[in-house]
Protein chains: 2
Amino acid sequence: MSNDATRTRARDAAGPDRALLELERFLPYQLNVLMEAVSRSLSKLYGERYGLSVPEWRVIATLGQYRTMTAKQIGAHSRMNKTMVSRAVSALQRRGVVRRDRNANDRREEFLSLSDEGREIYDDLAPRAARFADTLLEALSVEERAHFTQMLWRLEERAKQISAARGKDII
Amino acid sequence: MSNDATRTRARDAAGPDRALLELERFLPYQLNVLMEAVSRSLSKLYGERYGLSVPEWRVIATLGQYRTMTAKQIGAHSRMNKTMVSRAVSALQRRGVVRRDRNANDRREEFLSLSDEGREIYDDLAPRAARFADTLLEALSVEERAHFTQMLWRLEERAKQISAARGKDII
DNA sequence: TGACATTAGTTTCAAATGTAACTAATAACT
DNA sequence: AGTTATTAGTTACATTTGAAACTAATGTCA
């Protein structure tokens with residue numbers, strides 16, 4: 001048993017067959033599993049109804065909420081790099097979903113907004129998406145929902161801290 | 001104001017400027033933001049130290065925990081399709097990190113396991129990953145941690161239910 | 001004013017990924 | 001036994017993505 005080549009000192013020290021890392025108890029793994037289930041369902045929604053890709057949906061959702069934005073603002077808000085925003089916007093414009101208006105004061109940027117057709121799509125999708133999230137949250141009690149959101153937010157802050165402090169071997 | 005062409009009936013009914021969907025309060029969005037922050041930090045860990053890709057890390061983490069598995073089992077457990085598993089495994093084998101042993105009883109499949117070098121990598125990375133998750137979870141109190149995990153799990157179950165019930169317009 | 005730096009957005013190219021077709025082996029049915 | 005179906009895993013091809021180079025416009029500073 002102790003001469004089993006694949007059994008290292010570290011594992012021996014850890015006692016009976018307990019792995020150094022149990023994936024099912026590992027937060028990034030758990031988050032990933034949930035995230036995948038959620039985004040699969042959601043993307044089915046806008047994918048089947050309007051043939052939208054994820055980045056396209058994000059652009060529509062952002063413009064639906066904020067009415068007018070530059071590509072850069074959309075990227076900052078929906079967490080996409082400028083390449084993805086550029087591609088999604090031009091695809092949506094070709095489809096007549098998004099309008100571009102050059103800013104006369106700074107002709108590098110354009111003001112983007114939903115066309116009438118784009119707004120129709122948003123008005124159809126947004127409530128469905130909201131309903132989807134509500135249905136999901138029925139898994140939690142009302143108090144839990146607020147608490148959960150709060151915890152998500154704190155974890156995110158902590159994640160930012162960690163990656164900022166990287167190098168100072170916090171990890 | 002009410003003759004603004006971009007303002008639809010739906011929005012009017014919703015009252016003063018309140019969007020149909022507020023992204024920052026939308027669960028899939030929140031999850032995505034957290035997930036991205038977390039997985040960026042984590043992948044920096046194994047990316048910088050050993051030049052591992054996400055799928056490669058998943059294979060190592062799975063084999064580290066379960067010692068021996070077929071490619072199919074790894075896929076089921078780490079939620080990758082067989083193509084990704086195949087590619088990650090063969091890259092890792094080329095690097096001498098993973099060993100393959102054909103199953104003599106069913107020569108279609110192979111038993112995969114970490115080589116000594118692979119186990120060294122795992123023994124280095126796994127505790128770091130665990131420490132990363134612990135550091136992250138310091139954002140929550142001890143009681144909250146258990147509660148949070150529990151809620152994640154319930155949400156996941158609910159997400160599965162929803163996508164199963166799709167068509168019966170639960171959404 | 002004129003050189004240089006920065007910024008918004010696009011395009012190009014390489015890497016990552018998913019789907020579907022494929023190979024080799026086993027199982028199932030007759 | 002022999003034909004057909006299923007399964008494990010690989011490969012080929014198309015699509016998606018990200019990083020870096022690029023274009024066009026604005027800002028900065030001498």
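Below, chains carry the letters A, B, ... as their sequence lines are ordered, and counting in each starts from 1.
Within the 3.5 Å criterion, the main-chain N or O of B/Gly96 finds a donor-acceptor partner in the side chain of B/Ser115. In this structure a side-chain-to-backbone donor-acceptor pair under 3.5 Å is missing from B/Ser86 to B/Lys82.
If you check every strand for non-hydrogen atoms under 4.0 Å, B/Arg100 touches sugar and phosphate atoms only.
Map B/Phe111 and B/Arg40 each onto its nearest nucleotide of DNA chain D; the residue landing nearer the 5' end is B/Phe111.
Distance CD (A/Gln73) to P (C/dT7): 15 Å, rounded to an integer number of Å. Between the CD atom of B/Glu110 and the P atom of C/dT23 there is a distance of 18 Å, rounded to whole Å. Between the P atom of D/dA24 and the CZ atom of A/Arg102 lies a distance of 11 Å, rounded to the nearest Å. Between the CD atom of A/Glu109 and the C1' atom of C/dT10 there is a distance of 15 Å, given to the nearest Å. Atom CE of A/Met69 and atom P of C/dA8 are 14 Å apart (whole Å). A/Met80 has its CE atom 14 Å from the C1' atom of D/dG18, to the nearest Å. Counting to the nearest Å, the P atom of C/dT10 and the CG atom of A/Leu112 are 8 Å from each other. The separation between B/Ile74 atom CD1 and D/dG9 atom C1' is 12 Å, rounded to whole Å.
Across all their heavy atoms, A/Ala133 and B/Pro28 have their closest contact at CB-CD, 4.4 Å.
With rounding to the nearest 0.5 Å, the separation of CG in B/Leu45 from CG in B/Leu52 is 10.0 Å. Note that the CD atom of A/Gln150 and the CG atom of A/Leu155 stand 10.0 Å from one another [nearest 0.5 Å].
Ring-plane geometry between B/Tyr29 and A/His77 is classed as parallel, the angle between the planes falling under 30 degrees on a 0 to 90 degree scale with a further cut at 60.
In the displayed structure, A/Arg102 atom CZ is contacted under 6.0 Å by more than 12 heavy atoms of other residues, nucleotides or ligands.
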Full working for side-chain hydrogen bond (donor to acceptor under 3.5 Å, both in side chains) between B/Gln73 and B/Glu109: CA-CA 11 Å; B/Gln73 290 173 318; B/Glu109 66 186 13; over 6 Å; no
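Residues from residues 81-92 of chain B placing a heavy atom under 4.0 Å of any atom in DNA chain D, listed by number, are B/Lys82, B/Thr83, B/Ser86, B/Arg87.
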Interface polar pairs with nucleotides 26-28 of chain C, N/O, under 3.5 angstrom:
from   : atom 1 : to       : atom 2 : distance (Å)
C/dT26 : OP1    : B/Arg107 : N      : 3.2

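Using a 4.0 Å cut-off between charged side-chain N and carboxylate O, A/Glu157 and A/Arg154 make no salt bridge.
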